[in-house]
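Take a look at the structure below.
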Amino acid sequence: MQNEEDEEAELEVLAEFSHPVPWQKIEAQGLDLDYALLFSKEEADALFKQLEEEVMYSTGEEAKVQVFGKLHNIPRRQATYGDAGLRYTYSGRTHLACTWTPTLEYIRDAVTNATGHTFNFVLINRYRDGEDHIGEHRDDEKELDPVCPIASVSLGAARDFVLRHRDARGKRGARRLEPVKLQLAHGSLLLMNPPTNTFWYHSLPVRKKVRLPRINLTFRRILLISRGEEPANVWSL
DNA sequence: ACAAGTACACAAAA
DNA sequence: ATTTTGTGTACTTG
Ligand SMILES: [Mn+2]
């Protein structure tokens, strides 16, 4: 009886992961996205609840940023998890990854099953409500594997996500390229494939009417730098 | 016509 | 050169 139950549970997992997710392809000049609903509402609800209990976010100085000479609280909460000992530098700060929690490993493996890509790191951003946001930026850190997509899992409140081509920014944008806007649903997965992050900035704008939190997990592959290696960009030193 | 929400250029210093 | 967020102003929507 025990065996039958185990087999049944395994088959359920296999069935879920072996069915190809119905992907939606979003393309523009230099932009390549894939969007899909990875988790059912019920499963996404459970994952959200578990993450709310498990994930520990940065506090104190780690949760502040200096811009234009003024210190601000970062308008969201951040956490970094990944393989033991991994470090990731962004926004001028180096973060040591916490080791994977069971829920994060489960989601990571679900993403791997759906995409065929493996990941050794996840940056978690929690937007408490529609006032929390992130400004336009690219994820173009040098330590990111350039051939691996960034896999963005959304849980909780649906939020708008906006991408703008780098040449369409500024008062006299060099090109007329319309922003690409999409809504990231509860349980969804968005793949940002190369070379998207070279040419397109993305942001999560304020949405005053949103009153519930959203957790975003961006799975990444970080290159392992062997000891004694020279920095890649000697010129900037 | 009003109010609320949204879009976005721009402000300095590292 | 690029990057961070908050703000003023202009615009849109109901
Ligand atoms: Mn990003």
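Below 30°, between 30° and 60°, or above 60°: for A:Y106 and A:F39 the angle between ring planes is below 30°, a parallel geometry. Using cut-offs of 30° and 60° for the angle between ring planes, the A:W200 and A:H165 rings count as perpendicular.
Rounded to an integer number of Å, the gap from CD1 of A:I134 to P of C:dG6 is 11 Å. One can place CG of A:D132 at 10 Å from P of C:dG6, the figure rounded to the nearest angstrom. Rounded to an integer number of Å, the gap from A:L204 CG to B:dC8 P is 15 Å. The CG-P distance, from A:D167 to B:dA9, rounds to 13 Å in whole Å.
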Short heteroatom pairs, N/O only, protein and nucleotides 2-4 of chain C, under 3.5 Å:
residue, atom, partner, partner atom, Å
C:dT3, OP2, A:Y201, OH, 2.9
C:dT4, OP1, A:S91, N, 3.2
C:dT4, OP1, A:S91, OG, 3.3
C:dT4, O5', A:S91, OG, 3.1

Filtered N/O pairs between nucleotides 3-7 of chain B and protein, under 3.5 Å:
residue, atom, partner, partner atom, Å
B:dT6, OP2, A:K208, N, 3.2
B:dA7, OP1, A:K181, NZ, 3.2
B:dA7, OP2, A:R207, NH1, 3.3
B:dA7, OP2, A:R207, NH2, 3.2

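Here C:dA10 sits opposite B:dT6 as a Watson-Crick or G-U wobble pair (both hydrogen-bonding atom distances under 3.5 Å).
At least one side-chain heavy atom of A:L182 sits less than 4.5 Å from a side-chain heavy atom of A:L190. Two residues are said to be in side-chain contact when any heavy atoms from C-beta on lie closer than 4.5 Å; A:N197 and A:H202 meet this criterion.
If you chain together hydrophobic residues whose side chains sit under 4.5 Å apart, A:L224 and A:L123 fall into the same group.
With hydrogens and angles ignored, the 3.5 Å screen pairs a side-chain donor or acceptor of A:R159 with a backbone N or O of A:D129. Side-chain N or O atoms of A:R138 include one that pairs as donor or acceptor with a backbone N or O of A:T198 at under 3.5 Å.
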Where do A:S152 and A:T218 land on the side-chain hydrogen bond (donor to acceptor under 3.5 Å, both in side chains) test, with the steps shown first? CA-CA 4 Å; A:S152 170; A:T218 49; over 6 Å; no

